[in-house]
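What follows is a short report on a single structure.
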Amino acid sequence: MSGNSFDMDLEDIAWCPGCGNFAILQALKQALADAGLAPREVVLVSGIGQAAKLPHYLAANFFNGLHGRALPVATAIRAVHPGLTVIAESGDGDMYGEGGNHFLHAVRRNPNITNIVHNNMVYGLTKGQASPTSGRGFETPVQVHGVVNNPLNPLTLALALNASFVARAFAGDIPETAAIIRKAIQHKGYALVDIFQPCVTFNRVNTFRWFKEKTYYLDDGHDVKNRDLALRRAAEEDRLPLGVFYAAESRSAFAESTGVFEGDAPPLFRRPFDVARLQALIESYRGKPFADP
Amino acid sequence: MSGNSFDMDLEDIAWCPGCGNFAILQALKQALADAGLAPREVVLVSGIGQAAKLPHYLAANFFNGLHGRALPVATAIRAVHPGLTVIAESGDGDMYGEGGNHFLHAVRRNPNITNIVHNNMVYGLTKGQASPTSGRGFETPVQVHGVVNNPLNPLTLALALNASFVARAFAGDIPETAAIIRKAIQHKGYALVDIFQPCVTFNRVNTFRWFKEKTYYLDDGHDVKNRDLALRRAAEEDRLPLGVFYAAESRSAFAESTGVFEGDAPPLFRRPFDVARLQALIESYRGKPFADP
Amino acid sequence: MIDSPHGKGKGLALVLAGEAGQGVQVVEALLSEAFRGLGYYVFSGQEFMSRIRGGSNSTLIRVSPRPVRAWSDRTDLCILFDNKAITRLQQRLQPETFVLGDNLQAPEGSRFIDIPLAEMAQEAGGSLYVNTIAAGVLWGIYNGREETLADVIRRFFSGKKPATIDGNLAAAGIGLKLGRKLSHSGKVSLALPPPGDNRGNLHLNGTEAVSLGAIAGGCNFVSAYPMSPSTGVLTFLARHGRDFGIIVEQAEDEISAANMVLGAWYGGARGMTTTSGGGFDLMTEAVSLSGMTETPMVVHLAQRPGPATGLPTRTEQGDFNLALYGGHGEYPRVLLAPGNLEQAYALTAESFRLADAFQVPVILLTDQYLLDSHYDVVDLPLPRAIPPLAVVETSRQYARYALNESGISPRGVPGWGEGLVGADSDEHDAKGHITEDLDLRVRMVDKRLRKLVLLAEKAFSAEWIGPEQASNVLVCWGSTLEIAREAVAGLAREDVAVLHFRQVFPLPEGARERLQKAECRILLEGNATGQFGAFLGQRWGIDWHHRLLKYNGLMFSVEEVRAGLDKALPERVRK
Amino acid sequence: MIDSPHGKGKGLALVLAGEAGQGVQVVEALLSEAFRGLGYYVFSGQEFMSRIRGGSNSTLIRVSPRPVRAWSDRTDLCILFDNKAITRLQQRLQPETFVLGDNLQAPEGSRFIDIPLAEMAQEAGGSLYVNTIAAGVLWGIYNGREETLADVIRRFFSGKKPATIDGNLAAAGIGLKLGRKLSHSGKVSLALPPPGDNRGNLHLNGTEAVSLGAIAGGCNFVSAYPMSPSTGVLTFLARHGRDFGIIVEQAEDEISAANMVLGAWYGGARGMTTTSGGGFDLMTEAVSLSGMTETPMVVHLAQRPGPATGLPTRTEQGDFNLALYGGHGEYPRVLLAPGNLEQAYALTAESFRLADAFQVPVILLTDQYLLDSHYDVVDLPLPRAIPPLAVVETSRQYARYALNESGISPRGVPGWGEGLVGADSDEHDAKGHITEDLDLRVRMVDKRLRKLVLLAEKAFSAEWIGPEQASNVLVCWGSTLEIAREAVAGLAREDVAVLHFRQVFPLPEGARERLQKAECRILLEGNATGQFGAFLGQRWGIDWHHRLLKYNGLMFSVEEVRAGLDKALPERVRK
Ligand SMILES: Cc1ncc(C[n+]2csc(CCOP(=O)(O)OP(=O)(O)O)c2C)c(N)n1
Ligand SMILES: Cc1ncc(C[n+]2csc(CCOP(=O)(O)OP(=O)(O)O)c2C)c(N)n1
Ligand code: SF4
Ligand code: SF4
Ligand SMILES: [Mg+2]
Ligand SMILES: [Mg+2]
């Protein structure tokens with residue numbers, strides 16, 4: 001990792017010692033470097049939460065916006081500037097809770113972005129309430145008698161929505177996580193990487209050890225083109241598979257479908273403006289007088 | 001239908017002649033009557049749209065709220081007043097578009113309500129834009145080159161979220177639709193009934209005829225307890241099955257899990273207040289002086 | 001200067017009333033085109049219910065040899081497609097109004113005149129011809145040439161099947177014959193002076209003016225969620241999107257739309273969203289984010305009566321406070337409120353320039369009345385070219401929020417230059433990284449708010465219409481401009497002026513003193529509480545002698561304003 | 001009347017500073033309890049960063065024989081758990097402040113004193129004992145009895161493992177020994193007069209006061225989405241939910257939370273949500289719906305510095321405008337802004353009564369400062385009983401929005417009575433059905449707005465603190481009350497009063513004339529633009545001679561306000 005161009009000179013990182021976020025940060029830097037990208041080509045878009053602070057610790061462009069709203073911002077950036085590699089990154093509460101509607105519709109829209117979710121199954125920054133992925137029975141200061149809702153399975157959800165790339169990683173394994181993220185970045189279209197991330201402060205149930213014991217990798221022979229299979233594997237609950245569950249053939253992604261970027265059209269901010277066309281359009285509102293009233 | 005206690009004296013209904021909503025209105029009245037309910041026991045909660053006007057045409061309590069927000073309102077009403085039968089009802093744009101996040105989380109929360117969606121695959125009231133369920137290629141004044149997003153399949157989505165009751169109906173068949181709605185009402189927990197509803201004005205693709213030809217009923221032997229099967233059937237695209245896809249065993253529903261309604265506890269507005277308990281809590285903030293400082 | 005065409009034979013006011021789906025807009029389009037083709041000026045405006053079919057809607061068409069651009073309650077002739085309409089129109093029918101309808105069972109000699117619309121439609125081939133028949137009837141009463149109307153019909157239906165064109169031509173002919181008969185028999189007579197010079201002017205509505213303005217402002221990204229009355233701008237830009245390289249996306253909700261707009265500007269586009277009050281509520285957090293990240297943003301806020309869903313297809317000026325104060329925390333913003341179509345075009349274009357130059361949210365306040373009203377405009381000036389986006393190529397040391405005197409730090413675009421571009425929702429340092437340095441916090445707040453100073457200096461002036469020394473001033477903002485202008489012009493008093501604000505925040509200081517000195521200040525606002533008046537009063541230390549407020553969902557009419565002024569104004573020198 | 005304990009040996013101000021996770025709150029709790037047990041009054045308040053571990057936070061503890069309830073910049077002794085803290089505390093250290101820390105490398109004889117915290121912690125069994133050791137050191141310097149501190153520790157850790165209790169007792173002993181030594185050696189000396197009469201009073205913070213108030217108001221439904229600094233109210237009510245029959249639900253977002261609250265009231269509950277500025281933005285559409293449907297609603301809006309995410313764990317009074325104007329359209333609402341813990345409790349309870357009685361949204365404005373500050377309160381009066389919900393048993397003819405003089409139509413609950421209860425977001429008729437009757441629209445708008453008349457009559461009065469005839473008035477609202485009170489009391493001038501608003505909309509009219517007559521009006525607000533001042537100025541036609549504004553994320557201190565007053569006030573008679 002030394003000498004990674006995404007490294008930053010940092011005095012202080014606002015995460016707890018031992019937090020799984022450090023590993024995700026490292027894996028992401030690795031993945032970006034492995035994908036051959038330079039910091040100025042990359043934009044990290046995040047919401048609010050502990051996970052969402054990541055862009056402050058990695059040398060790249062960034063838009064650290066509102067809680068839950070990374071996906072629309074990321075979608076638009078990529079749409080207007082296809083030369084950029086855009087990564088929308090946040091916590092489970094942010095992406096699946098507050099941002100749930102954008103998650104649904106970003107999957108449908110299929111923009112060419114990577115969506116990384118630090119899934120610690122808890123709201124970290126606000127001090128330990130249940131998140132949509134918290135398990136039943138998980139006790140918190142709000143869910144005092146334990147969580148009663150069905151936990152949301154992001155993978156089956158994304159697959160049910162016909163997502164084009166669906167993967168799960170575990171922060172405890174940096175090299176594999178980096179490899180999965182790299183594949184997601186290189187995939188054309190929307191790519192979800194849900195990353196199990198131990199929160200050492202607020203989640204005493206889903207610990208490093210718990211994840212270590214619960215997870216295993218899909219084997220090499222797993223057919224990533226088989227959506228039904230992906231759905232079945234993603235629905236497993238006893239033990240939780242890791243890896244790329246599904247990767248569709250390239251589908252035309254959002255920016256392409258806008259019809260605004262044909263050939264090697266420049267990004268929008270470098271385009272000349274066609275005054276004549278506007279003139280013609282305005283002229284079409286002129287009255288056409290009659291020859292002889 | 002004559003003499004149904006949910007009938008209303010109406011001068012005028014704001015729907016287009018021939019709209020599928022009339023059939024849904026009739027089926028719903030039928031279902032409520034068949035379920036043995038009286039108007040004062042029923043609350044219809046809707047958002048905004050053509051579908052969402054339905055509560056104005058049926059004699060019952062109603063809360064016609066904001067676009068996309070019927071589910072939280074309905075969930076809360078049922079939670080504080082378990083004696084009521086609560087039906088959240090709106091269009092596809094309302095429930096799956098603007099209200100998508102509430103849909104996700106209402107399913108997870110599993111309140112004892114029925115969620116009826118008039119799925120006409122278009123935004124009716126705002127004059128014909130694509131809805132989340134519009135098919136690819138559907139042309140509208142906004143989607144001028146046709147819809148490019150993946151249509152959202154509400155059934156697979158709900159099933160992926162572990163919904164406890166999932167059904168689909170077609171407005172063209174009032175008796176069956178009524179029967180399906182009745183089952184949903186009688187189911188304990190969250191029940192989704194997505195109803196194919198032809199919009200004769202803005203949807204020239206998914207017409208009565210189109211639905212008629214595309215749909216068929218699940219056969220009587222269909223095992224409504226088998227979620228995997230339900231998922232597979234719900235994912236069918238060539239022809240679209242109708243009926244109850246899935247109906248889980250009773251699970252404790254949201255209002256029960258609050259712990260506030262044990263036994264025959266009265267609705268909240270009729271409860272006495274326990275001043276002594278508050279007093280004790282306040283007293284716990286008093287200082288305990290030391291015997292001998 | 002525009003004057004009232006009414007009552008003095010100067011013009012004609014036609015009202016078409018019917019159910020949604022009966023094609024009243026076709027009549028509006030045909031007659032507008034026909035009269036304009038002769039050189040008349042035409043204003044048309046609509047009021048309609050929130051439904052797709054049925055109900056009771058109406059369209060006003062004013063025809064005049066001189067420019068006409070305001071809503072009026074005066075009706076010379078009204079044609080009913082559906083008799084229910086009559087109860088709703090009551091207040092707009094004068095004793096001298098001719099009312100034409102099918103089976104009105106009008107007493108002999110009255111101004112209520114039965115015409116066999118349904119029967120004629122059957123003759124023409126079906127009920128859907130009723131609109132073209134009505135156009136024919138009106139054209140016949142006016143004694144227009146058949147060929148003129150036929151030309152218009154051919155143009156209007158061009159591209160349709162020949163049978164459709166022929167059917168409509170025949171329908172028009174049937175109507176025309178009846179119209180001529182009514183006119184010749186003396187049963188209906190309309191006086192219209194010879195045409196004016198409205199040749200080759202543009203004819204459009206507010207939706208079109210805003211949309212064209214957006215294009216002229218360089219808009220190349222639109223994301224919105226449909227909501228009346230703002231949706232027209234979305235569909236206009238969608239229709240022309242590919243031609244102009246505009247990315248148009250229907251968002252899943254308004255929150256997404258607003259955040260997409262921020263992403264678009266950040267990525268180097270000029271983004272806009274269009275919505276109404278309830279949708280704007282949902283966008284306010286993103287507006288606040290625009291303020292904090294200093295990411296430009298243009299929001300078209302098309303007002304309609306609230307609260308909540310209110311009257312979704314009607315008009316109001318009820319969201320001034322919301323636009324000014326929505327979104328938590330403190331940061332600069334700009335509120336523009338065009339008074340007419342020229343301003344709608346120009347200010348929409350300017351919104352993009354201002355947002356770009358000052359890195360602030362710009363909110364453009366229109367309303368259903370302005371958006372749905374058509375009239376004639378001499379020209380919409382073309383920008384020479386769209387100025388390049390106000391962004392810099394970044395250097396390795398680039399710091400997005402570098403502190404400086406103006407408060408406007410050079411904005412970079414990711415990928416252009418060697419630098420990295422950060423944007424942060426938290427309080428941040430110069431590079432956009434989270435800070436808890438509380439002194440820096442203060443400097444950053446001050447930096448952001450400092451932009452208001454420059455913005456106020458550059459504010460679009462309020463227009464003073466009337467004598468410099470007028471001691472009575474009618475103050476208005478946004479879409480009431482032309483109504484106020486016509487109303488005051490009709491008073492023929494030299495001591496009354498109109499003061500119209502097209503920028504409502506920050507306030508343009510120009511007219512302050514004159515307004516303070518006025519003896520009688522009258523506020524005109526389309527809401528129940530006089531929101532802008534209260535704000536202006538507080539800022540300029542003035543109070544109101546009278547307030548003309550309206551909030552029933554309809555726009556003020558020229559006559560209402562005039563009546564209000566008659567009551568409010570001190571008796572004085574008449575011209 | 002409270003006076004300043006500082007500088008005159010009247011009290012003690014301790015500051016504890018360290019990283020998040022070092023347990024500063026434990027020291028706060030132990031010392032507060034110990035001093036209170038002796039009869040002292042204790043104020044404690046916190047300022048902290050938005051992070052879970054690390055960073056640099058501090059807690060102020062003021063101990064006094066007389067009531068003390070305001071933030072101060074004065075520090076008698078400061079103990080550093082982490083040396084980074086010192087740079088952040090600079091402005092709060094006076095020349096006479098003792099600073100204790102580990103390895104400060106303090107020059108001999110200075111007031112910077114090295115104490116071996118880490119070493120002592122090792123001795124006690126690990127670094128997590130550092131907090132209890134610090135408590136011991138401070139108690140030792142004060143020369144408190146060991147047994148008193150031991151008692152407090154036993155209570156605080158009761159329920160924990162015996163080893164934990166013993167470990168902490170030992171740690172306290174180690175600290176105490178050092179503290180005694182420092183004191184006896186004369187290196188550190190703290191003067192504290194004999195204890196006061198603070199026996200058996202309540203000690204709590206704003207979060208607890210608001211939460212208890214909610215229970216006292218009959219709250220039985222809470223739905224919220226976590227957001228600092230509002231989350232404490234949610235967790236408090238969750239903790240006690242089952243005991244009080246309160247349904248507590250964490251919503252998926254603020255939009256859901258707010259709409260659930262409306263559903264709850266509609267269904268017969270008393271619902272509340274709790275949020276901060278950004279979350280409130282998202283709720284504004286539902287607030288507008290509350291206004292339109294006349295469904296009661298209580299929103300606790302806990303302010304923090306914006307815009308956007310801003311400084312999430314800090315304090316500001318920046319959302320007055322948002323609370324007043326957020327949500328589109330026009331409808332009545334009530335804004336309450338408690339000034340101290342008694343008011344936080346009482347006004348939260350009143351929120352439910354007002355919402356219920358007037359069928360309007362009630363917004364309770366607090367902030368991080370108020371919520372996180374602890375002090376002593378003589379009592380929180382118990383309601384005799386919660387009045388029954390203001391609903392009627394409906395008859396068959398029941399019409400939810402029946403028009404009447406007050407504007408308040410009897411509210412029904414579905415299922416109770418023979419009638420049907422309708423609620424509608426559109427403009428509606430008496431039964432709640434959609435209407436496009438535009439005259440009815442006007443009557444409905446008027447009906448809703450009419451409620452403001454009664455609401456204004458019932459407004460909670462502003463408190464005038466000081467001589468009736470004072471010609472100089474310091475005007476404030478919300479959480480600055482006690483700070484203003486102490487600052488002005490310390491001036492010892494007879495020509496200065498404080499005017500504090502606990503209801504900020506509709507305005508209580510009581511003090512209007514006195515304020516208008518004042519010669520010097522000084523505004524005190526925790527924001528950058530003086531929002532409430534501008535509003536009050538407009539409504540009461542007054543201007544401000546001076547404005548004391550602060551927006552760096554910290555609350556005003558007594559000393560700052562006093563310094564501001566010193567500059568602002570005309571030279572005059574001193575007592
Ligand atoms: C609109 C809004 N609502 C609530 C919050 C408060 N908030 C900040 S982070 C957060 C949740 C964090 O959880 P998650 O997204 O899982 O991130 P983590 O801290 O666990 O990494 C919440 C609720 C906010 N900033 N904005
Ligand atoms: C916050 C908000 N955004 C947008 C709208 C405008 N709007 C009203 S109905 C509707 C969509 C209607 O579509 P659907 O829910 O499918 O109902 P349908 O009319 O097709 O029955 C929209 C976008 C609104 N009322 N509120
Ligand atoms: S609170 Fe949890 S998620 Fe946040 S930094 Fe600490 S360990 Fe990580
Ligand atoms: S627009 Fe479509 S959905 Fe609406 S009433 Fe007409 S046919 Fe029905
Ligand atoms: Mg999390
Ligand atoms: Mg629909």
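Chain A is the first sequence line, chain B the second, and so forth, proteins listed ahead of strands; every chain is numbered from 1. Note that these values count all heavy atoms, side chains included, but never hydrogens, waters or copies made by symmetry. All of these numbers come straight from a predicted model, not from anything done at the bench.
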Per-residue contact mode, B:Ala59 against chain D (heavy atom under 4.5 angstrom)
both
With a 4.5 angstrom heavy-atom cut-off, which part of B:Pro272 approaches chain D: side chain, backbone, both or neither?
neither
Can we say B:Arg286 and D:Asp376 salt-bridge, meaning some charged N sits less than 4.0 Å from an Asp/Glu carboxylate O?
no
Is B:Arg270 in contact with chain D via its backbone, its side chain, both, or neither, using a 4.5 Å heavy-atom distance?
side chain
D:Ile247 versus B:Phe261: any side-chain heavy-atom pair under 4.5 Å?
yes
Picking from D:Gly267, D:Gly419, D:Ala423, D:Gly268, which has the most non-hydrogen pairs under 4.5 angstrom with chain B?
D:Ala423
Please look at D:Arg384 and chain B and tell me whether the side chain, the backbone, both or neither of the residue comes under 4.5 angstrom of a heavy atom of that chain.
backbone
What is the minimum heavy-atom distance between B:Val80 and D:Ala269, and which atoms define it?
CG1-CB, 3.6 Å
Whatever's closer than 4.5 Å to a heavy atom in chain D on B:Glu41 counts as neither
Structural part of B:Leu84 lying under 4.5 Å from a heavy atom of chain D
side chain
Calculate, to the nearest 0.5 Å, the distance between atoms CZ and CG belonging to D:Phe221 and B:Leu268 respectively.
9.0 Å
Most chain B-contacting option - heavy-atom pairs closer than 4.5 Å, from D:Arg270, D:Arg242, D:His428
D:Arg242
Is the shortest heavy-atom distance from the side chain of B:Phe254 to the side chain of D:Glu249 under 4.5 Å?
yes
Between CG of B:Leu281 and OG of D:Ser211, what distance do you get to the nearest 0.5 Å?
9.5 Å
Yes or no on side chain to side chain contact (heavy atoms under 4.5 Å, CB included) for D:Val421 and B:Phe63, after CA distance, side-chain angles and deciding distance?
CA-CA 8 Å; D:Val421 182; B:Phe63 189 106; over 6 Å; no
Does the side chain of D:Leu262 reach to within under 4.5 Å of the side chain of B:Arg69, using non-hydrogen atoms?
no
Applying a strict 4.5 Å limit to non-hydrogen atoms, the region of B:Pro39 in contact with chain D is both
Just give me the residue among D:Gly422, D:Ser223, D:Gly218 that pairs up with chain B most often, heavy atom to heavy atom, under 4.5 Å.
D:Gly422
Chain B shares the most heavy-atom pairs under 4.5 Å, among D:Leu204, D:Thr293, D:Leu289, with D:Leu289
Could you measure the distance from the CG atom of D:Asp356 to the CZ atom of B:Phe269? Nearest 0.5 Å is fine.
12.5 Å
Please state whether the side chain, the backbone, both or neither of D:Thr295 comes within less than 4.5 Å of a heavy atom of chain B.
side chain
Flag side-chain contact, heavy atom, 4.5 Å: B:Met8 against D:His433:
yes
Using non-hydrogen atoms and a 4.5 Å limit, figure out which bit of D:Glu208 sits close to chain B: side chain, backbone, both or neither.
side chain
Is it the side chain or the backbone of B:Ile48 that comes within 4.5 Å of chain D heavy atoms, both, or neither?
side chain
Please examine the side chains of D:Tyr345 and B:Ile282, heavy atoms only from C-beta on, and report whether any two atoms are closer than 4.5 Å.
yes
B:Arg109, part contacting chain D, at a heavy-atom distance under 4.5 Å
side chain
Which region of D:Leu380, side chain (C-beta onward) or backbone (N, CA, C, O), has a non-hydrogen atom less than 4.5 Å from a non-hydrogen atom of chain B, or is it both or neither?
both
Search all heavy atoms of D:Pro414 against all heavy atoms of B:Asn61 and return the closest pair with its distance.
CB-CG, 3.5 Å
Is there a side chain to side chain contact (heavy atoms under 4.5 Å, CB included) between B:Lys53 and D:Ile434? Walk through the geometry before answering.
CA-CA 9 Å; B:Lys53 289 178 180 166; D:Ile434 301 185; 4.1 Å; yes
Check each atom of D:His240 against the heavy atoms of chain B and say whether the ones under 4.5 Å are side chain, backbone, both or neither.
side chain
Name the region of B:Val260, side chain, backbone, both or neither, that has any atom closer than 4.5 Å to a heavy atom of chain D.
side chain
Within the 4.5 Å heavy-atom criterion, are B:Asn101 and D:Ser256 side-chain neighbours or not?
no
Could you measure the distance from the CZ atom of B:Phe273 to the CG atom of D:Asn220? Nearest 0.5 Å is fine.
9.5 Å
Can you tell which part of D:Glu436 gets under 4.5 Å to a heavy atom of chain B, answering side chain, backbone, both or neither?
neither
If you round to the nearest 0.5 Å, how far is CE of D:Met292 from CG of B:Asn64?
10.5 Å
In terms of heavy-atom pairs under 4.5 Å with chain D, the winner among B:Ser46, B:Ala60, B:Ala14 is B:Ala60
Heavy atoms of D:Ala264 and B:Ala76 approach each other most closely as N-CB, 3.7 Å
For chain B, the option from D:Leu389, D:Asp424, D:Val377, D:Val248 that forms the most heavy-atom pairs under 4.5 Å:
D:Asp424
Working to the nearest 0.5 Å, report the span between CZ of B:Phe62 and OH of D:Tyr266.
7.5 Å
On a heavy-atom basis, the closest approach of D:Ile255 and B:His102 is CG2-NE2, 3.9 Å
Could you tell me which portion of D:Val42 (side chain, backbone, both or neither) has an atom closer than 4.5 angstrom to a non-hydrogen atom of chain B?
neither
Is D:Asp243 in contact with chain B via its backbone, its side chain, both, or neither, using a 4.5 Å heavy-atom distance?
both
Side chains of D:Val413 and B:His81: does their closest heavy-atom pair fall under 4.5 Å?
yes
Would you mind telling me which of B:Pro72, B:Ala38, B:Ala79 has the largest number of heavy-atom pairs within less than 4.5 Å of chain D?
B:Pro72
Any side-chain heavy-atom pair of D:Leu420 and B:Arg40 under 4.5 Å
yes
Checking side chain to side chain contact (heavy atoms under 4.5 Å, CB included) for the pair D:His203/B:Tyr285: CA distance, chi angles, key distance, verdict?
CA-CA 6 Å; D:His203 190 74; B:Tyr285 288 89; 6.0 Å; no
Most heavy-atom pairs under 4.5 angstrom with chain D, which of B:Val43, B:Val42, B:Leu104, B:Asp274?
B:Val43
